[in-house]
Amino acid sequence: MISTVKTREIYKFLRNMLQVNEIRENKEVFIQALTKRGLDVRTEFEAVLKADEDRRGTQAQLDDTLSQSNKFSKEIGMLFKQGEVQKANELKQKSVELKETSKVLQEQLNQATERLQQLLYDLPNIPHESVPAGTDENDNEEVFLEGEIPALGDEALPHWELAKKYDIIDFELGVKVTGAGFPVYKGKGAKLQRALITYFLDKNTEAGYTEYQVPLMVNEASGFGTGQLPDKEGQMYHVTADDMYLIPTAEVPVTNLFRGNLLMHNELPITCTGYTPCFRREAGSYGAHVRGLNRLHQFDKVEIVRIEHPDNSYTALEDMVEHVKGILRDLKLPYRILRLCGGDLGFTSALTYDFEVFSTAQDRWLEISSVSNFESFQANRLKLRFKETDGRNQLVHTLNGSALALPRVLAGILENYQTPEGIKIPEVLVPYCGFDMIS
RNA sequence: GGAGAAAUGGCAGAGUGGUCGAAUGCGGCAGUCUUGAAAACUGUUGAGGGUCACACCUCCGGGGGUUCGAAUCCCUCUUUCUCCGCCA
């Protein structure tokens with residue numbers, strides 16, 4: 001867990017991470033919305049409001065004490081100038097007493113603030129109104145379906161067997177070098193993967209996203225900023241010697257590029273893309289569902305991130321969805337889009353669309369992209385704001401999505417494009433690969 | 001890794017114990033002028049907490065200390081820059 005000293009700093013940094021005022025004003029609406037996640041936060045909200053009241057009360061007392069103390073100090077200064085040393089010394093004594101009082105109050109205030117923060121950061125984001133209620137992936141709502149599922153017949157092989165047959169991915173070698181979940185790509189497999197990365201980046205930059213290359217390890221503050229910490233601490237690899245985390249997605253370093261910024265309104269929107277390997281511990285997953293490329297500890301992903309004016313964030317979300325659709329159409333892969341239900345929605349997200357490609361040989365859908373609007377949830381933690389035209393500072397909305405995650409796209413291509421002669425390369429990728437068949 | 005310097009508002013950059021939340025410039029906003037724009041001129045402009053609104057409190061890289069009083073003095077951490085060394 002987090003060391004005590006650091007916790008203090010983080011709390012300070014994250015102050016007011018979910019605005020208490022909003023909870024006060026929209027209490028019932030929020031409580032209602034959170035039932036979609038299967039949560040009853042009534043008692044939590046009461047505790048928040050109570051803690052906030054405590055905090056404000058203590059702050060008021062402290063302010064009064066400090067105010068008095070400041071006045072004395074000024075008077076003392078004046079008295080010394082006028083040569084009234086005795087009077088000054090009397091005041092000094094009083095001032096010392098006030099200082100004692102303020103020390104105690106300060107400590108109380110720190111505690112009250114920590115208590116409030118603790119309560120606040122345990123609360124997940126408020127689901128958007130379109131989010132269906134539900135408990136797990138079975139309640140997700142299919143909103144779009146496109147593409148043709150090829151008829152391959154019984155002899156169709158799952159991708160891990162194709163990988164072996166054509167010697168393009170070696171899972172055992174990865175086990176030797178590192179462990180399960182760290183595959184080695186080889187020959188045309190490696191080339192195809194590199195082609196996909198380049199192709200995705202080109203698509204994204206053509207659509208106006210600025211390409212970034214970012215660090216693959218992040219510090220604690222970044223983890224908090226995008227919401228991976230403390231909620232998902234166990235899912236990230238932690239380099240304890242230097243107290244850094246291997247990134248689980250480019251979202252973390254890319255979004256944190258803007259942490260703490262006060263942007264001008266005309267700087268919005270900011271759109272970024274970046275390719276990174278991603279590292280996930282994914283503890284506790286076993287069985288056929290994690291075979292081959294289905295679930296890995298290290299995988300490649302090209303991410304898109306947007307920082308938007310709150311009024312535009314849902315338009316932006318639709319725009320991102322259309323963008324990802326375009327890529328899948330290019331690749332001619334059958335896919336569907338799901339609107340995640342409350343129970344399946346990530347802690348930090350207000351609305352998420354999952355893209356799934358149909359994996360023909362496995363006869364199942366594989367998630368290859370997740371596009372989310374976090375509204376002001378991350379911005380609040382990141383202290384990422386912009387100056388409105390009226391001069392007021394407001395939190396931005398952040399969004400991100402995969403465009404795309406590599407392994408399952410690769411799995412989808414291998415399985416859907418398999419022929420008796422070998423694996424055909426999707427037309428758009430041929431120029432990037434330099435070959436049109438893996439055989 | 002060794003030696004030195006530095007960290008101030010959106011940016012640049014003054015300020016070394018008491019009316020400093022902080023000069024000045026740029027940028028932003030509003031206005032004058034203009035057919036419109038630019039330029040020029042005038043005004044305005046840090047953030048957080050708190051309040052119905054004031055008052056008031058906090059913040060000059062982070063943390064701690066000295067003092068009645070700290071941007072200013074001390075300790076410590078972090079970061080940046082310059083020079084040297086090492087290195088893909």
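Numbered from 1 within each chain, the chains take letters A, B, ... in sequence-line order.
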Colleague: Please report the distance separating the P of B:A14 from the corresponding atom of B:G63, rounded so that it comes out in whole Å.
Modeller: 25 Å

Colleague: Please give the distance between the C1' atoms of B:U72 and B:A88 as a whole number of Å.
Modeller: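 44 Å, rounded to whole Å.
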
Colleague: Does B:A47 have OP1 or OP2 sitting under 4.0 Å from an N or O in the side chain of A:K383?
Modeller: no

Colleague: Counting only Watson-Crick pairs (N1-N3 plus N6-O4 or O6-N4) and G-U wobbles (N1-O2, O6-N3), all under 3.5 Å, who is the partner of B:U51?
Modeller: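 In the structure as shown, B:U51 has no Watson-Crick or wobble partner.
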
Colleague: So, A:Q378 and A:E251: side-chain donor and acceptor under 3.5 Å apart, yes or no?
Modeller: yes

Colleague: Kindly compute the distance separating NZ (A:K424) from OG (A:S439), expressed to the nearest 0.5 Å.
Modeller: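 A:K424 NZ to A:S439 OG: 13.5 Å, rounded to 0.5 Å.
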
Colleague: Would you mind pulling out the nucleotide paired to B:A71, Watson-Crick or G-U wobble, both distances under 3.5 Å?
Modeller: none

Colleague: If we ignore angles and hydrogens, is there a donor and acceptor under 3.5 Å between the side chains of A:Y237 and A:H297?
Modeller: yes

Colleague: What integer distance in Å separates A:R385:CZ from B:G46:C1'?
Modeller: 10 Å

Colleague: Tell me if the aromatic rings of A:Y314 and A:H128 count as close, with their centers under 6.0 Å from one another.
Modeller: yes

Colleague: Applying a 4.0 Å non-hydrogen cut-off, can you work out what A:N70 is touching in the nucleic acid: base, sugar-phosphate, or nothing?
Modeller: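 The residue A:N70 makes sugar-phosphate contact but no base contact.
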
Colleague: Considering only NZ, NE, NH1 and NH2 on the basic side and carboxylate oxygens on the acidic side, decide whether A:R42 and A:E28 come within less than 4.0 Å.
Modeller: yes

Colleague: Taking atom C1' in both B:A3 and B:G50, compute the distance separating them and give it to the nearest angstrom.
Modeller: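 Here B:A3 and B:G50 have their C1' atoms 49 Å from each other.
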
Colleague: Protein-nucleotides 68-74 of chain B N/O pairs closer than 3.5 Å?
Modeller:
from, atom 1, to, atom 2, distance (Å)
B:C68, O2', A:S73, OG, 3.2
B:C68, O2', A:S95, OG, 2.6
B:G69, O4', A:S73, OG, 3.3

Colleague: Answer yes if the side chains of A:D330 and A:Y199 hold a donor-acceptor pair under 3.5 Å, and no otherwise.
Modeller: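 On atom types as modelled, these side chains qualify, holding a pair under 3.5 Å.
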
Colleague: Under 3.5 Å for both donor-acceptor distances, Watson-Crick or wobble: does B:C20 have a partner, and if so which one?
Modeller: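 Across all strands, not a single nucleotide pairs with B:C20.
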
Colleague: Rounded to whole Å, please give me the gap between NZ in A:K103 and P in B:U66.
Modeller: 6 Å

Colleague: Say you pick atom C1' in B:C73 and the same atom in B:U79; how far apart are they, in whole Å?
Modeller: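 It comes out at 23 Å once rounded to the nearest Å.
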
Colleague: Using whole Å, what does the distance between atom C1' of nucleotide B:G62 and atom CD of A:E220 come to?
Modeller: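 Going from A:E220 (CD) to B:G62 (C1'), I get 14 Å.
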
Colleague: Tell me the interatomic distance from A:Q117, atom CD, to B:G49, atom P, rounded to whole angstroms.
Modeller: 11 Å

Colleague: By nearest atom, which of the nucleotides B:C57, B:G48, B:G49 is closest to the A:R55 side chain?
Modeller: B:G49

Colleague: For atom C1', what is the distance between B:C60 and B:U8, given to the nearest Å?
Modeller: 4 Å

Colleague: Given atom CD of A:Q106 and atom P of B:G49, what is their separation to the nearest angstrom?
Modeller: 16 Å

Colleague: Please say which of A:D300, A:I368, A:L192 ends up in a side-chain contact (heavy atoms from CB on, under 4.5 Å) with A:L406.
Modeller: A:D300

Colleague: Let me know the distance between NZ of A:K387 and C1' of B:G27, rounded to the nearest Å.
Modeller: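 Rounding to the nearest Å, NZ of A:K387 and C1' of B:G27 are 12 Å apart.
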
Colleague: Which nucleotide, if any, forms a Watson-Crick or G-U wobble pair with B:C60, using both distances under 3.5 Å?
Modeller: none

Colleague: Of A:D64 and A:A60, whose closest RNA chain B nucleotide lies nearer the 5' terminus?
Modeller: A:A60

Colleague: Looking only at side-chain N and O atoms, does A:R56 come under 4.0 Å of OP1 or OP2 in B:C56?
Modeller: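 The answer is no; no side-chain N or O of A:R56 sits under 4.0 Å from OP1 or OP2.
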
Colleague: Taking atom P in both B:A22 and B:C77, what distance in whole Å separates the two?
Modeller: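 So the two P atoms sit 33 Å from each other.
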
Colleague: Sort out the partner of B:C87 for me: Watson-Crick or G-U wobble, both distances under 3.5 Å, none otherwise.
Modeller: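 Here B:C87 is not engaged in any pair, so there is no nucleotide opposite it.
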
Colleague: Distance check, C1' atoms only: B:A23 and B:C74, in whole angstrom units.
Modeller: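 These two C1' atoms come out 28 Å apart once rounded.
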
Colleague: Under a 3.5 Å cut-off for both contacts, is B:G43 paired Watson-Crick or G-U wobble with anything, and if yes, with which nucleotide?
Modeller: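 Result: B:C29.
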
Colleague: When the distance from CG of A:N393 to P of B:U45 is rounded to whole Å, what number comes out?
Modeller: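 Atom CG in A:N393 sits about 15 Å away from atom P in B:U45.
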
Colleague: Checking base pairs now: Watson-Crick or wobble, both atom distances under 3.5 Å. What partners B:A3?
Modeller: B:U82

Colleague: Tell me, yes or no, whether the heavy-atom count around A:E427 atom CD, taken from other residues, nucleotides or ligands under 6.0 Å, exceeds 12.
Modeller: no

Colleague: Are A:R194 and A:Y432 close enough that a side-chain donor and a side-chain acceptor fall under 3.5 Å?
Modeller: no

Colleague: For A:L262 and B:U45, give me the distance from atom CG to atom P, rounded to whole Å.
Modeller: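 After rounding, the gap between these two atoms is 17 Å.
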
Colleague: Rounded to whole angstrom, note down the C1' distance from B:A30 over to B:G49.
Modeller: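 Between the two C1' atoms, the distance is 28 Å.
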
